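These notes concern the structure reproduced below.
Heavy-atom basis, side chains included; hydrogens, waters and symmetry copies ignored. Treat the numbers as computed from the prediction; the structure is a model and nothing was measured.
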Amino acid sequence: MDDEFAKLIRRVNPPRVVIDNNSCEDATVIQVDCVNKHGILLEVVQVLTDLNLVITKAYISSDGGWFMDVFNVIDLEGKKIRDEEVINYIQKRLENDDGSVTSLSGSVGLVPSEESTSIELTGTDRPGLLSEVCAVLSDLHCNVVNAEIWTHNDRAAAVVRVTDDTTGCAIEDRKRLAIIKEMLCNVLKGNNDLKTAKMSLSPPGITHRERRLHQIMFADRDYDKVERHKGTSVDIKSSRPHVIVSDCAERDYTVITMRSKDRPKLLFDIVCTLTDMQYVVFHGVVHTGRMEAYQEYYIRHVDGVPISSEAERERVMQCLEAAIERRAYEGLELELCTEDRLGLLSDITRIFRENSLCIRRAEISTKGGKARDTFYVTDVTGNPVDPKIVDSIRRQIGQGILHVKWNSSSSAEPQNENTFSYLFGSFFKA
């Protein structure tokens, strides 16, 4: 009865989306007004993120049963959104509750599982792991169509879409799937694995790849602290996110403030984690500078209660730090663009392994017979890759096929705790 009443309220008050290119000098302003429901903030942010739009500022308010949010967005080139097709898609997508709007070809993450078999993997991270996984899939006549791989805190997770190399269709034979599972689990276990390696099929229907990766790593407890190897440049203390969880007793909220190095999809990662942990954002503000992002949220649990124990507070801090770190480190970015073929990914990752490169994160895609893959790599100790090794790898693979993008791993040092202030402080005290 409650569900039917909620549907009636949404029909009577349909979402209203205003996209404005005039009020802000350097960004497109998107305002969304609609009836509030759990997960609505994630839905909106997911639509914008899947279009590779960068959210530079956000003002969130969802108190009193109504959702009123404003987002300042730009494209990857730092320009306003001028493409009418993209503007119309955002308008229709956010104003349709049923998700019936066809996805744009340029969006990522939404994958019909009927076209291929979606495999989810978790295990202990180690140098050469992706190479071994790809070699197994190639030997089992599985063609990798699309994949994303994350590593964090010595754990690895992947969502991989494969097809049969002869039919080009999804693999549905149960015996064959059982063999694939057994072989991949043997690879993922590694030595002295304290946590169980897993291979499972993604749920049927529409799977959002990046959200599933967050859920997989959260379930694998990658947020637990691990002993770091000394001498690595990856884990510089000053580059780590700074998360504070405190109380706002006046309004019965828990306040979360965060400072971290800015990067694409940062807001999605935070909102995704809070939503999957069953927290509701009632008010929030996001502001990004040239290097640093500041976020502040006023939250409660879905049952309406703020965080009440020190253990829960610590867990939220660890989970948010993990959400930021899972794809924060960029290292050396290698982009591969060439004709796709069976075993290509296995050959490329084997060359990386033989040259002592460690893949920290990877995004694999194929379209129109072309493979377009991105790898973020370090050496086996986590330090930057020697340029001579990069040149050697490019000669083996092809200078025109593998492109290099050097990135700085430095980041602004977070300010001291006592510099934090509630942006909504004066609002709540009024």
Side-chain angles (χ1 to χ4, degrees), residues 6-7 9-104 106-107 253 256 258 262 264-272 274-275 279-289 293-299 422-424 426-428 430:
K7 291 177 183 177
I9 293 296
R10 285 198 290 272
R11 284 198 297 269
V12 174
N13 300 280
R16 188 170 69 92
V17 179
V18 177
I19 301 176
D20 178 14
N21 268 318
N22 299 319
S23 61
C24 182
E25 198 174 300
D26 53 8
T28 298
V29 179
I30 300 176
Q31 182 176 332
V32 183
D33 298 336
C34 66
V35 175
N36 191 27
K37 63 176 181 178
H38 182 57
I40 182 64
L41 176 59
L42 178 58
E43 290 178 19
V44 173
V45 172
Q46 185 172 295
V47 168
L48 301 178
T49 302
D50 285 349
L51 292 170
N52 287 323
L53 301 181
V54 178
I55 300 172
T56 58
K57 292 181 182 179
Y59 304 93
I60 300 160
S61 179
S62 61
D63 223 341
W66 199 256
F67 177 85
M68 296 177 288
D69 287 15
V70 178
F71 302 91
N72 286 21
V73 301
I74 54 176
D75 62 19
L76 292 176
E77 296 178 353
K79 299 177 181 178
K80 292 184 178 184
I81 314 306
R82 302 287 188 184
D83 189 324
E84 286 298 323
E85 184 184 7
V86 174
I87 291 174
N88 290 335
Y89 172 78
I90 295 172
Q91 190 99 33
K92 292 177 180 177
R93 184 70 181 83
L94 295 181
E95 289 181 348
N96 276 269
D97 258 353
D98 57 6
S100 59
V101 180
T102 304
S103 178
L104 286 178
S107 63
Y253 290 121
I256 296 176
M258 284 173 282
D262 190 29
K265 302 186 179 182
L266 178 61
L267 179 58
F268 170 82
D269 293 339
I270 294 300
V271 174
C272 180
L274 288 173
T275 302
Y279 291 105
V280 178
V281 176
F282 287 88
H283 300 279
V285 63
V286 177
H287 180 79
T288 62
Y294 176 83
Q295 301 178 70
E296 180 176 291
Y297 302 102
Y298 286 71
I299 69 165
Y422 297 162
L423 296 190
F424 284 110
S426 57
F427 170 74
F428 285 126

Hey, does [Y] have a side-chain heavy atom less than 4.5 Å from the side chain of [X]?
| X | Y | result |
| --- | --- | --- |
| I55 | F268 | no |
| I40 | C34 | yes |
| N36 | W66 | no |
| D26 | I74 | no |

Atom pair [atom1] ([X]) and [atom2] ([Y]), whose distance is rounded to the nearest 0.5 Å:
| X | Y | atom1 | atom2 | answer |
| --- | --- | --- | --- | --- |
| M68 | H283 | CE | NE2 | 9.0 Å |
| C272 | L267 | SG | CG | 11.0 Å |
| D33 | S61 | CG | OG | 10.0 Å |
| L94 | E43 | CG | CD | 9.5 Å |

Nearest non-hydrogen partners of [X] and [Y], listed with the distance:
| X | Y | value |
| --- | --- | --- |
| F71 | A58 | CD2-CB, 3.8 Å |
| T49 | K265 | CG2-CG, 3.3 Å |
| N72 | C24 | ND2-SG, 3.8 Å |

Quiz prompt | Partner of I90 by side-chain contact (heavy atoms from CB on, under 4.5 Å), out of I19, V73, V32, V44 | solution =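 Between I90 and the candidates, side-chain contact (heavy atoms from CB on, under 4.5 Å) is satisfied uniquely by I19.
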Quiz prompt | All side-chain contact (heavy atoms from CB on, under 4.5 Å) counterparts of D262, not counting sequence neighbours | solution =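 With neighbours one apart ignored, the set is L266, T288, A293.
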Quiz item: Backbone N or O of I81 within a donor-acceptor pair of the T28 side chain at under 3.5 Å?
Solution: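 Side chain of T28 to backbone of I81, a donor-acceptor pair under 3.5 Å: yes, one is there.
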Practice problem: Take the angle between the ring planes of F282 and Y253 and call it parallel below 30°, perpendicular above 60°, tilted in between. | Solution: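 F282 vs Y253 ring planes: tilted.
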